[in-house]
Amino acid sequence: MKKILILLFAIAFIIFPLTTVSVKASSTEYLAYSEIIMSSGKLLRDFTKEEMDDALKHTEGNYCFTIKIYPVNKNVRATYISQTVMSYYNTSGTDVTFTKLIEVETNQKVSFNTGGSLSASASGNIKKVKAEAAAKGNVSYSKQQEKSYKEKLEEKFVIEAGSSIIVYLTGSLIISNGVASVYDFFYRLCYGGYEFVTITEQYTRVVKSTEF
Amino acid sequence: MKKILTIILFSISCLAILSFSIIFIIYASNKKVKEEYFTILESKSYVYEENRKMSFTIYSNKKNSLILYPDKNIYNLTIDTYDVELTDVEFDVNKYGNYYLYHMTANMPEVPLTIEDSNATLSIHNNKYTLKLNLGGLSIFDNNEYELLSYKDLYGVYSEIDGIKELVGINLELTNEYSYLTSLKLGGFSYGTLKYAIPNIKLPQDIDILEYLPNYKIDKVEEEYTLALTSTTYFIPISYIDLKYTKVSYIILILDGHKYYIDQHQFSLKILDYDIYKDYLIKGEFIYD
């Protein structure tokens with residue numbers, strides 16, 4: 001009777017997590033940036049299948065109720081160019097003075113992203129992976145803002161006939177990524193990549209062009 | 001009998017623990033937290049036009065403060081000898097580590113002429129206290145005698161000075177050609193060091209300024225200098241009379257003897273981490289009637 005109970009208990013631990021509500025890791029703004037240049041290494045989205053499999057090998061084994069983390073890039077500096085904040089095209093035949101209220105969301109949060117079957121796993125697992133990966137990768141996210149505010153500033157420009165103007169954000173990032181495997185009762189529940197991206201500097205740039 | 005006594009004693013203990021817990025919770029929730037307010041000294045230079053807004057950043061340990069209610073407060077801005085009540089005040093509150101960040105906006109007051117003060121103050125009056133906050137550098141520019149300048153590219157260049165990332169110059173590409181630049185002022189508090197301007201270059205936004213200009217000094221404001229322009233693209237280093245972190249600024253230039261301005265520009269959007277900028281942190285002062 002005792003053996004049957006232990007077996008049922010073990011099965012419950014395996015099946016139950018697979019049937020809990022899955023929560024996707026939140027998609028993060030930085031993935032929409034037009035350019036990110038890292039001083040070394042790659043973003044998670046640029047890992048090849050071979051690179052991912054090689055990294056994941058470091059997290060394989062007979063583990064019980066544990067999370068195995070393998071950091072690939074630790075606190076790598078990068079620069080970025082965001083999406084366009086504002087653009088205006090002067091298709092008229094005369095120069096114009098154009099006034100625009102530019103709204104930009106200030107951003108100092110640490111973004112966290114996951115891939116593979118990890119991103120479809122329960123939110124509890126993702127939280128644990130985040131904490132473990134942050135500890136192993138020396139990532140500080142305790143000061144994470146829960147919300148950032150919108151900075152609004154009205155700005156006036158002279159735009160010549162046949163010219164366009166764009167305003168965008170640039171700045172610096174710190175990126176840490178790697179792979180993780182979550183283990184249940186000697187069973188690998190889910191695995192995949194993780195990534196922390198921290199915006200450290202955020203500037204605006206105004207550029208005019210005669211090409212549309 | 002023994003069992004009954006045990007049950008009675010156990011019940012009394014549970015009740016005692018529960019009562020004590022309730023009393024403690026009520027005491028802890030009613031305990032007044034000492035309010036604290038801080039500002040980080042920044043530099044903001046605006047251009048006056050009707051219906052424009054300006055913003056201020058205040059840090060506090062209180063999530064819900066009396067100062068956040070415009071119907072219960074009067075907000076006074078003092079720039080040099082100019083004192084004005086701010087209108088259409090709004091707040092946006094966000095958690096920031098162990099503190100709260102109040103982002104305050106208000107209508108930009110109309111000015112009779114350009115005013116600037118490197119120690120502007122914001123006073124918030126209500127029926128309990130007056131809170132005085134030092135804002136740092138604040139300038140409101142009257143652009144009446146200046147022509148709006150056309151340019152092709154503008155961005156700030158930053159470098160670490162004594163552990164802090166500061167605006168050390170601007171990269172500017174003009175639309176039109178000019179012969180001489182005799183003055184460049186960034187807002188109310190910093191000046192172009194024209195003697196060391198570098199033509200035909202677009203530097204990265206984050207640099208080590210000493211690699212490009214070994215003699216650069218952020219607090220050495222040069223005397224007048226006439227820069228003969230050989231290009232429309234320049235890196236122009238900036239120096240400060242009173243160094244503060246520049247967030248918003250207009251630019252005034254004298255090109256070929258004519259006065260031009262570039263409208264207020266959001267150079268940096270960074271939320272200043274008060275742990276890194278703690279030397280710039282100023283505690284608000286309470287004045288009680």
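Convention: sequence-line order gives letters A, B, ...; per-chain numbering from 1.
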So, are B:Glu42 and B:Lys244 salt-bridged, with charged N and O less than 4.0 Å apart? no

Does a side-chain N-to-carboxylate-O contact under 4.0 Å join B:Glu36 and B:Lys62? no

Is the cationic atom of A:Arg45 (NZ for Lys, CZ for Arg) positioned less than 6.0 Å from the six-membered ring centroid of A:Phe47 and within 45 degrees of its normal? no

Counting only heavy atoms closer than 4.5 Å, note whether B:Val47 contacts chain A via side chain, backbone, both or neither. neither

If you measure from the Lys or Arg side-chain nitrogens to the Asp or Glu carboxylate oxygens, is any gap between B:Lys185 and B:Glu116 under 4.0 Å? yes

Sort B:Tyr46 into side chain, backbone, both or neither according to what part of it lies under 4.5 angstrom from a heavy atom of chain A. side chain

Please classify the contact of B:Thr105 with chain A as side chain, backbone, both or neither, using a heavy-atom distance under 4.5 Å. neither

More than 12 heavy atoms of other residues, nucleotides or ligands under 6.0 Å from CG of B:Asp162: yes or no? no

For A:Asp53, is there an ion pair with A:Lys57 - N to carboxylate O distance below 4.0 angstrom? no

Turns out that what part of B:Tyr102 lies under 4.5 Å from chain A's heavy atoms comes down to neither

Using a strict cut-off of less than 4.0 Å between a Lys/Arg side-chain nitrogen and an Asp/Glu carboxylate oxygen, indicate whether B:Lys165 and A:Glu201 qualify as a salt bridge. yes

Does anything in residues 70-80 of chain A get under 4.5 Å of chain B by heavy atoms, and if so which residues? none

Checking heavy atoms, do the side chain of B:His103, its backbone, both or neither come under 4.5 Å from chain A? side chain

Could you tell me whether A:Lys42 atom NZ has more than 12 heavy atoms of other residues or ligands within 6.0 Å of it? yes

Salt-bridge contact B:Glu173-A:Lys208 (side-chain N to carboxylate O under 4.0 Å): no

What part of A:Ile102 lies closer than 4.5 angstrom to a heavy atom of chain B: side chain, backbone, both or neither? neither

